[in-house]
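Let me begin by presenting the structure, written as structure tokens, before commenting on it.
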Amino acid sequence: MSLLVKICGLSTRETLEVALSAGADMVGFVFFPPSPRHLGLEVARELGKQAKGRATKVALTVDADDATLENVIETLRPDLLQLHGKETIARVRDIKAKFSLPVMKVVAVETSTDLAALPGYASVADRILFDARAPKGATRPGGLGAVFDWHVLEKLDLKLPFMVSGGLTADNVAEAIRVTRAGGVDVSSGVESSPGVKDPELIRNFIRAARASEGLMVR
Ligand SMILES: O=C(O)c1ccccc1N[C@@H]1O[C@H](COP(=O)(O)O)[C@@H](O)[C@H]1O
């Protein structure tokens, strides 16, 4: 099984093309107005067409209501929903049933106690993304370049596929994979020159570094 590499927060045709050409397995689009990566629906429609069939299209939302999810799905046509808020287990189940799309539930991690809710989410989601817990008062729950202690996942025995994110860069992605044995990695800030502005060279470097570390993920 090969490592999945996700580049998230893409918002222009040019940087999306860089990520696709460099071999990203998943490309993520943010639908959360307070984020510098938030996408309007018309841009989402264009980027969705550009990525179709070339990578898994991921729609990232935060505690979105049904009407918002409907609009996002109708325009982007995602292959996977990334639920990055405080969605309950029941809400995750409900979203899956209503929209008939696979779901990746984000679990925010700071200490091992944050893994308590994992069995519940694992029973309803299709995959899990472990991201750093945002500091109190943050304007968004992710995309902050914050790293968590990967050793919290060291002894994890999860049957579901999982990915890791939070402050990943080309320099630390190998160590994140080595410690967590995650099946995938996800990056946003670490491939940007400033918040919301993706850098082609950083995208290529990240994908190259992640691919070079693939052998480290075997448990
Ligand atoms: O990118 C955002 O602005 C964002 C907003 C709301 C929720 C999550 C968001 N980003 C996701 O957070 C993780 C980690 O990002 P980073 O690499 O530390 O910047 C990743 O999944 C982003 O897509």
Side-chain angles (χ1 to χ4, degrees), residues 3-12 15-16 19 24-40 43-44 47 51 55-64 68-69 72 76 78-87 92 103-110 114 121 125-150 152-153 161-177 180 182-199 202-203 205-207 209-210:
L3 181 80
L4 292 176
V5 181
K6 172 169 171 269
I7 306 293
C8 200
L10 291 155
S11 59
T12 67
T15 53
L16 172 58
D25 302 288
M26 295 184 172
V27 285
F29 304 96
V30 175
F31 299 90
F32 184 58
S35 167
R37 298 135 191 145
H38 173 66
L39 274 194
V43 178
L47 298 185
T56 299
K57 287 188 273 181
V58 183
L60 185 165
T61 57
V62 178
D63 299 316
T68 303
L69 286 168
V72 166
L76 181 70
D79 304 297
L80 178 67
L81 300 176
Q82 176 174 335
L83 304 180
H84 214 116
K86 291 190 162 62
E87 297 87 1
V92 174
V103 163
M104 174 159 73
K105 177 67 187 106
V106 177
V107 173
V109 183
E110 188 177 356
D114 293 315
Y121 283 121
D126 297 277
R127 61 175 62 239
I128 299 290
L129 170 62
F130 295 102
D131 187 23
R133 177 176 294 287
K136 275 202 176 63
T139 55
R140 52 185 190 271
L144 298 159
V147 183
F148 70 94
D149 178 5
W150 303 317
V152 169
L153 302 184
F162 70 93
M163 302 179 71
V164 168
S165 68
L168 296 182
T169 65
D171 292 334
N172 67 9
V173 66
E175 184 63 3
I177 296 167
T180 65
V185 289
D186 178 11
V187 65
S188 189
S189 312
V191 293
E192 291 180 343
S193 53
S194 61
V197 182
K198 292 285 183 284
D199 180 308
L202 293 178
I203 293 175
N205 289 348
F206 183 85
I207 295 177

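Values below: all heavy atoms of this structure, side chains included; hydrogens, waters and symmetry mates excluded. Just so you know, ligand 1 is whichever comes first in the structure, and atom 1 is the first atom listed for that ligand.
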Nearest protein heavy atom with distance in Å, relative to [atom]:
atom	value
atom 18 (O) of ligand 1	Gly167 N, 2.9 Å
atom 10 (N) of ligand 1	Gly143 N, 3.2 Å
atom 13 (C) of ligand 1	Asp131 OD2, 3.4 Å
atom 4 (C) of ligand 1	Gly142 O, 3.4 Å
atom 3 (O) of ligand 1	Ser35 OG, 2.6 Å
atom 17 (O) of ligand 1	Ser188 N, 2.9 Å

### Task
May I have the step-by-step check of side-chain contact (heavy atoms from CB on, under 4.5 Å) for Lys198 and Ile203, ending in yes or no?
CA-CA 8 Å; Lys198 292 285 183 284; Ile203 293 175; 4.0 Å; yes
Which of the atoms in ligand 1, numbered in the order shown and given with their element, are less than 4.0 Å from a heavy-atom of [X]?
X	answer
Asp186	20 (C), 21 (O)
Gly166	14 (C), 18 (O)
His84	7 (C), 8 (C), 11 (C), 12 (O), 13 (C), 21 (O)
Val187	17 (O)
Cys8	23 (O)

### Query
Among Met104, Met163, Arg37, which residue places a heavy atom closest to atom 2 (C) of ligand 1?
Arg37
### Task
Out of Ser189, Pro141, Ala146, Gly145, indicate the one that has the non-hydrogen atom closest to atom 6 (C) of ligand 1.
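Among Ser189, Pro141, Ala146, Gly145, the closest heavy atom to atom 6 (C) of ligand 1 belongs to Pro141.
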### Query
Do ligand 1 and Gly190 have nitrogen or oxygen atoms that lie under 3.5 Å from each other?
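No; the residue has no nitrogen or oxygen that sits under 3.5 Å from a nitrogen or oxygen of the ligand.
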Distance, nearest 0.5 Å, that separates [atom1] of [X] from [atom2] of [Y]:
X	Y	atom1	atom2	answer
Gln82	Met26	CD	CE	9.0 Å
Ile207	Lys6	CD1	NZ	12.5 Å
Met104	Thr56	CE	OG1	10.0 Å
His38	Ser11	NE2	OG	11.0 Å

### Message
Any side-chain to backbone donor/acceptor pair from Arg37 onto Gly143? Under 3.5 Å, distance only.
### Response
yes
### Message
I'd like to know if the side chain of Glu87 and the backbone of Asp63 have a donor-acceptor N/O pair within less than 3.5 Å.
### Response
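Yes; at least one donor-acceptor contact below 3.5 Å.
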Please verify whether a non-hydrogen atom of [X] lies at under 4.0 Å from ligand 1.
X	value
Val147	no
Ser165	yes
Gln82	yes

### Query
For ligand 1, which part of Leu129 has a heavy atom less than 4.0 Å away: the side chain, the backbone, both, or neither?
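It is the side chain that touches ligand 1; the backbone stays farther off.
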### With Ser193 via side chain to side chain donor-acceptor pair (under 3.5 Å) - residues at least two apart
none
### Summary
Asp199 meets the salt bridge (Lys or Arg N to Asp or Glu O under 4.0 Å) criterion, sequence neighbours left out, with none
### Message
side-chain contact (heavy atoms from CB on, under 4.5 Å), that's the test. Do Leu69 and Thr61 meet it? Break it down for me.
### Response
CA-CA 8 Å; Leu69 286 168; Thr61 57; 3.7 Å; yes
### Task
Could you tell me which non-hydrogen atom of Cys8 sits nearest to which non-hydrogen atom of Asp186, and how far apart they are?
CB-OD1, 3.4 Å
